[in-house]
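This is the structure I want to talk about, given as structure tokens.
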Amino acid sequence: MDFKQVEKKWNEYWEKEGVNSFDKKGDNKYYVLEMFSYPSGSNLHLGHWYNYAPADSFARFKKMQGYNVFQPMGFDAFGLPAENYAIKTGIHPEDSTKRNIATMETQLRSMGAMFDWSSLLYTCSPEYYKWTQWLFLQLYKHGLAYQKQSPVNWCPSCNTVIANEQVVDGKCERCGAEIVRKNMTQWFFKITDYAEELLEGLKTLDWPEKTLTMQKNWIGRSEGGEVVFPLNEDNITVFTTRADTLMGVSYVVLAPEHPLVDKITTPECREQVEKYKIAASKASDIDRLSTVKEKTGVFTGAYCTHPISGEKVPVWIADYCLATYGTGAVMGVPAHDERDYEFAKKFGLDIKQVITGEGDTALPYVEYGTVINSGRFDGLSTPEAKKAILCYLKEKGLGGVKVNYRLRDWSVSRQRYWGAPIPIIHCDCCGAVPVPEEDLPVRLPYDVNFTPDGQSPLRKCDSFINVKCPKCGKPAHRDPDTLDTFVCSSWYYLRYPDSKNDKMPFDPELINKMLPVDKYIGGAEHACMHLLYSRFITKALRDMGYLKFDEPFRSLIHQGLILGSDGEKMSKSKGNTINPDFLVEEYGSDVLRLYLMFGFSYADGGPWNDDGIKSISKFLDRVERLVDTAIAEKEKPISNAKDAKELNYALNYCIKKVSEDMETFSFNTAVARIMELVNTMYKVSGCGSLFTEACEKLIRVLAPLAPHFAEEMHERMGFTPSIFKCEYPSCDESKLVRDEVEIAVQINSKMRAKMTIPTSLTEDEIKEHALSDPKIKELIGSASVKKFICIKGRLVNIII
RNA sequence: GCGAAGGUGGCGGAACGGCAGACGCGCUAGUUUCAGACGCUAGUGGUUAAUUCUCGUGAGGGUUCAAAUCCCUUCCUUCGCACCA
């Protein structure tokens, strides 16, 4: 078969007849969404194929089941790589991105997937980012966008902010200079306002268990309390989950970045504190939280007051305390916390035991127990003491119960060019003023110097930056930063159904009908960020009244990663990349997609193997020969009843299993079941018209998995196109009823024999049957049967 | 370091308390062919003369009539960790 000609023929036919397009007016919608891609290289790589092709087969399966399937495609086109590429080559990000998109779009079209091309979108087009900016303004108006100081990676040599990815071993990837953390004013989205609902909502989602767990841990809810340690006119507030150990506090630690540090440090400690702060600014959070690394810290010279005992408590700074978690301050209870114990040992701080328990209570004792050495709280259990102490603190105005989340607000400012400009104007009189909605989009200027030299690229563009304040009309300047690309991707699924609307970001009526997404497919690496941001944006828009659903993605699937044949991650530098173009050229797109589905467990992925794909090519040839046989058998009567029964069983078993497997993205077993049917069809004979009928159904079951091939076979068998307008075959359960079944016989749980019995037997009859079987009789011998376990249709286990 | 997964034949992978290795690659034999390729048929975890016994799901322990599957310990690998997307 000339697959090139066949693929071209059907791609054109589908396009012309609108076979793939979504019926906006129809009901029974099914929204299948694959995570859109970043147009980084110029070519579609195998990973894209692995994401899109099997997901498309799922979409086609749903279509054949009668759903009105909406499967859009687009590009997440802003981002760092295009800008880095521009710095290196001088090619403008807009030019390289547009060129990459054009290539990828052509390749995606040749894949033969049923994308609804009329909804295509690019996040870098002004028609799209106008609404990204609109989204920012809505969040701002509702108090969900705000500015605060926050640390960034700063390269003192390049004089610029650099991404985490560009920090290699604490050094700048470009120039090798040591990176320091520097505070800058940044925009944040208040995702923490939704922490509780984001956590609760997880219960309603049909998502992989591991993803739910990861999000849960990422949000990191912990119940505890706040405790205030007064220090002159200031208060140091700490968060703790172990308020019961409060009387064991021997010091308080502030994060080196804590705002109080400068104020409270005494002159004689100033030098060591400053030195320590510089050292801490060079360590990553991951290093700082390591429990194996030796603890470091310095004394500030200051003392705060214990809220209950009134004793003086020394205040230290240490990098194991993070400014971004809790209140940026912790109380040190060496007797009952491993890190505090290590810290106190090293610096000679007091270790006061205030909890005891049964058994081994060697310090640090971190288990729950009974309070001691704590005055009025002595004798209480840990949970009782937590309550009592926090209650007492509340009365004194020095703390109380508090729920804390690990989740931090979402930093959305980027000091870069290639992103959506932040629609804010800074005015000396009026402060931060939102750009009026009618002035959107704030267009990204083309002629910009984006070489890194200490300034946001947009700040150097006078025509962009200098504007009049929309409020007072005085000279003002635009915000020079752009938005994190995660902002663009946090709402694109809302734009797709109405992607050409120039009056609003989406039509609320339409969106309430189309959303949530019924099946979302993409990489597991997005578990905590993209997927959480999208959920937050959906909930925020709901509360503003723009939509009426709570969650954007009802059901989620992650595909695995295809590795190089050496088992390593594919990369140009390793030279182990597989170019799908060559494979499509040699085998055709159906064979490539079928192999991707058959050769791997979809959620796991694995190393690429050249031999496997050839076998799929042979498999389709095998099916093609079957079709030709079936055409010849069409008018013949059924002459072999036994084989006919066998064929009916195989056919209906295949239909049943494949339908189930397609539903769960278990493509490898779905293909295996089709291969089994094909094997059976090669074995049987004398099935006549039943054979032809079976073949027709086989082609339909295969259609979502090998669309061009199936369409061609369907036509060859004399049917009018398109096969995707046909119903998916349904299983005739009556054909699956068997008269006899072979079951295993175990004696003392060891496999000993097999026997074939009628399926109609009751448990007692099976027992009788088994015990009277001569071979089994012999195996049992003179021993007596103690117990008889019968699992119907599978096995019996005779304990003697 | 913290969080999340995963270790099954020569290989990709099935099974997810009930006959381990479905399906495929590879390999072996037969068949077709002038020959090869292709196709078709059969076999294929180790061990063995033998469906003969036995051993086998990273390692060690446990629960159970029964464990790849559940529990504990341990080793190894992969992914994420908030400015890559």
Side-chain angles (χ1 to χ4, degrees), chain A residues 35-38 40 76 78-81 84 150 152-153 161-167 186 191 208-218 220 284-293 324 406-416 484-486 488-489 523-530 532-533 558 560-561 563 567 569 595 598-601 603-616 618-619 621-622 625 666 668-676 679 682-683 742-746 748-754 786-791 793-799:
Chain A
M35 288 179 185
F36 60 176
S37 49
Y38 179 76
S40 55
D76 189 13
F78 275 136
L80 187 65
N84 285 341
S150 170
V152 292
N153 298 314
V161 177
I162 67 164
N164 282 345
E165 190 192 47
Q166 299 172 295
V167 183
Q186 313 257 34
I191 190 171
E209 206 52 50
K210 63 166 184 174
T211 311
L212 295 173
T213 311
M214 277 195 269
Q215 281 213 356
K216 187 178 161 217
N217 292 335
W218 187 264
S284 70
D285 284 5
I286 291 173
D287 291 336
R288 286 171 59 164
L289 285 172
S290 169
T291 49
V292 292
K293 201 197 68 175
T324 47
R406 202 185 73 104
L407 182 68
R408 311 206 291 255
D409 276 339
W410 173 14
S411 155
V412 296
S413 301
R414 297 293 181 267
Q415 291 69 50
R416 296 186 210 292
D484 176 13
T485 51
F486 275 126
C488 307
S489 61
E525 65 275 18
H526 294 289
C528 294
M529 304 184 68
H530 163 63
L532 198 62
Y533 295 150
H558 295 306
L561 200 64
L563 308 169
K569 211 168 173 171
Y595 175 59
F598 178 65
F600 308 87
S601 164
D604 296 342
W608 175 260
N609 177 338
D610 273 321
D611 296 329
I613 193 166
K614 290 181 194 130
S615 73
I616 291 294
K618 285 195 225 168
F619 167 67
D621 291 344
R622 215 165 133 81
R625 289 196 295 274
S666 183
N668 55 347
T669 51
V671 177
R673 297 294 88 83
I674 296 175
M675 286 173 167
E676 279 169 357
N679 289 345
Y682 266 80
K683 271 193 198 111
E742 188 187 60
I743 64 164
V745 181
Q746 295 183 336
N748 284 349
S749 309
K750 293 215 166 191
M751 273 297 302
R752 282 294 180 252
K754 290 192 175 178
K786 271 194 190 157
K787 199 170 173 186
F788 187 90
I789 294 149
C790 177
I791 309 296
R794 286 188 180 272
L795 58 68
V796 295
N797 189 1
I798 305 164
I799 310 301

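Worth saying up front: this structure is predicted, and the values here are computed from it rather than measured. So you know, we letter chains A, B, ... as the sequences are listed, proteins then strands, and number each from 1.
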Task: Integer-rounded Å distance: B:C53 P and A:K750 NZ - done: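 About 11 Å, once rounded to whole Å.
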
TODO: Taking the side chain as every heavy atom from C-beta outward, state whether A:N748 and A:K786 have any atom pair closer than 4.5 Å.
DONE: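 Side chain of A:N748 against side chain of A:K786, heavy atoms only: no contact under 4.5 Å found.
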
Between protein and nucleotides 24-30 of chain B, what N or O pairs are separated by less than 3.5 Å?
residue, atom, partner, partner atom, Å
B:G24, OP1, A:N679, ND2, 2.9
B:G24, O2', A:S615, OG, 3.2

Task: A:Y533 OH to B:C84 P, straight-line distance once rounded to whole Å - done: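 So the OH-P distance, A:Y533 to B:C84, works out to 10 Å.
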
TODO: Please state how far atom CD1 in A:I674 lies from atom C1' in B:A22, giving the value in whole angstrom units.
DONE: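 Taking CD1 of A:I674 and C1' of B:A22, I get 15 Å after rounding.
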
TODO: Assign A:W218 to base, sugar-phosphate, or nothing according to its heavy-atom contacts below 4.0 angstrom with the strands shown.
DONE: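 Base, at least one base atom sits under 4.0 Å.
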
Task: Residue mapping more 5' on RNA chain B - nearest nucleotide basis, A:R752 or A:F600 - done: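 Closest to the 5' end, via its nearest nucleotide, is A:F600.
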
- [ ] Taking only the side-chain heavy atoms of A:T213 (C-beta and beyond), determine which of B:A85, B:G18, B:A5 contains the nearest atom.
- [x]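 The listed nucleotide nearest to A:T213's side chain is B:A5.
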
Open item on the list: Using a heavy-atom cut-off of 4.0 Å across all strands, would you classify A:Q186 as base, sugar-phosphate, or nothing?
Closed with: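 Base: the residue A:Q186, judged by heavy atoms under 4.0 Å, touches a nucleobase.
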
Open item on the list: Distance check needed: B:C55 P versus A:M751 CE, whole Å only.
Closed with: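 The answer, rounded to whole Å, is 14 Å.
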
Open item on the list: Can you confirm whether A:N679 sits close enough to A:R622 that some side-chain heavy atom of one is under 4.5 Å from a side-chain heavy atom of the other?
Closed with: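 When only atoms from C-beta onward are counted, A:R622 and A:N679 do touch, with a gap below 4.5 Å.
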
- [ ] Would you indicate what A:F788 reaches in the nucleic acid, counting non-hydrogen atoms under 4.0 angstrom: base, sugar-phosphate, or nothing?
- [x]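 No contact.
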
- [ ] Kindly compute the distance separating CZ (A:F486) from CG (A:L532), expressed to the nearest 0.5 Å.
- [x]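 So the gap between those two atoms works out to 11.0 Å.
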
- [ ] Write down the distance between CD1 (A:I799) and P (B:U64), rounded to a whole number of angstrom.
- [x]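 Answer to the nearest Å: 13 Å.
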
Task: Side-chain-base donor-acceptor pair under 3.5 Å for A:R416 and B:C83 - done: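 Side chain to base: pair present.
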
Open item on the list: Just to be sure I understand the rule, does A:H530 reach a base, reach only the sugar-phosphate, or reach nothing, if contact means heavy atoms closer than 4.0 Å?
Closed with: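 The residue A:H530 makes no contact with any strand.
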
Open item on the list: Treating A:D409 as the side-chain partner and A:I191 as the backbone partner, does any N or O pair qualify as donor plus acceptor under 3.5 Å?
Closed with: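 The answer is yes, because a donor-acceptor pair under 3.5 Å joins these two groups.
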
Open item on the list: Under the criterion side chain to side chain contact (heavy atoms under 4.5 Å, CB included), I'd like the reasoning laid out for A:T211 against A:H526: C-alpha separation, chi angles, the key distance, then a yes or no.
Closed with: CA-CA 9 Å; A:T211 311; A:H526 294 289; over 6 Å; no

Dump every N/O contact between nucleotides 66-71 of chain B and the protein below 3.5 Å, one line per pair.
none

TODO: Go through the N and O atoms of the side chain of A:K754 and the base of B:C19, and report whether any donor-acceptor pair is under 3.5 Å.
DONE: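 Yes, a donor-acceptor pair under 3.5 Å.
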
TODO: Quick one: label A:I798 by what it contacts on the DNA or RNA (base, sugar-phosphate, nothing), any heavy atom closer than 4.0 Å.
DONE: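 Nothing, no heavy atom under 4.0 Å.
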
Task: Protein-nucleotide distance (A:R625, atom CZ; B:C40, atom P), rounded to Å - done: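 About 5 Å, once rounded to whole Å.
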
- [ ] Could you check whether A:I789 gets within reach of a base, just the sugar-phosphate, or nothing at all, counting any heavy atom under 4.0 Å?
- [x]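 Base, at least one base heavy atom under 4.0 Å.
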
- [ ] Could you state the atom-to-atom distance from CD1 of A:I613 to P of B:C23 in whole Å?
- [x]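 My rounded result for the distance is 22 Å.
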
Open item on the list: Between A:Q215 (side chain only) and A:A527 (backbone N and O only), is there a donor and an acceptor less than 3.5 Å apart?
Closed with: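 Yes: the side chain of A:Q215 pairs with the backbone of A:A527.
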
- [ ] For the residue pair A:L407 and A:W218, establish whether any side-chain heavy-atom pair is separated by less than 4.5 Å.
- [x]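 Answer yes - side chains close enough.
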
Open item on the list: Heavy atoms only, 4.0 Å cut-off, all strands: where does A:S489 land among base, sugar-phosphate and nothing?
Closed with: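 Contact class for A:S489: none.
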
Open item on the list: Keeping A:N153 on the side-chain end and A:I162 on the backbone end, is there a donor-acceptor pair under 3.5 Å?
Closed with: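 Judged by distance alone, yes, a pair lies under 3.5 Å.
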
TODO: Report the distance from atom CG of A:D484 to atom P of B:C84, rounded to the nearest whole Å.
DONE: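 Atom CG in A:D484 sits about 9 Å away from atom P in B:C84.
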
TODO: Select base, sugar-phosphate, or nothing to describe what A:V671 touches, counting heavy atoms under 4.0 Å on all strands.
DONE: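 The answer is nothing, as A:V671 stays clear of every strand by at least 4.0 Å.
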
Task: Residues A:S601 and A:N668: side-chain donor-acceptor under 3.5 angstrom - done: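 The criterion, which ignores hydrogens and geometry beyond distance, is not satisfied for A:N668 and A:S601.
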
- [ ] Find out whether A:F619 and A:Y595 are in side-chain contact, i.e. whether some heavy atom of one side chain is under 4.5 Å from a heavy atom of the other.
- [x]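 A side-chain contact is absent here, since even the closest heavy-atom pair is not under 4.5 Å.
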
Open item on the list: In the structure I gave you, are the side-chain heavy atoms of A:W410 and A:D484 within less than 4.5 Å of one another anywhere?
Closed with: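 A side-chain contact exists here, since the closest heavy-atom pair is under 4.5 Å.
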
TODO: Mind checking A:V161 for me? I need base, sugar-phosphate or nothing, with any heavy atom below 4.0 Å counting as a touch.
DONE: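 Result for A:V161 = base.
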
- [ ] Syn or anti for B:G60, please, going by whether the chi angle lies within 90° of 0.
- [x]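 Anti.
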
Task: A:N217 vs A:R414, nearer the 5' end of RNA chain B by closest nucleotide - done: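 Looking at the nearest nucleotide for each, A:N217 comes out on the 5' side.
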
TODO: Looking at every strand, decide which applies to A:G560 at a 4.0 Å heavy-atom threshold: base, sugar-phosphate, or nothing.
DONE: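 Here A:G560 touches no strand at all.
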
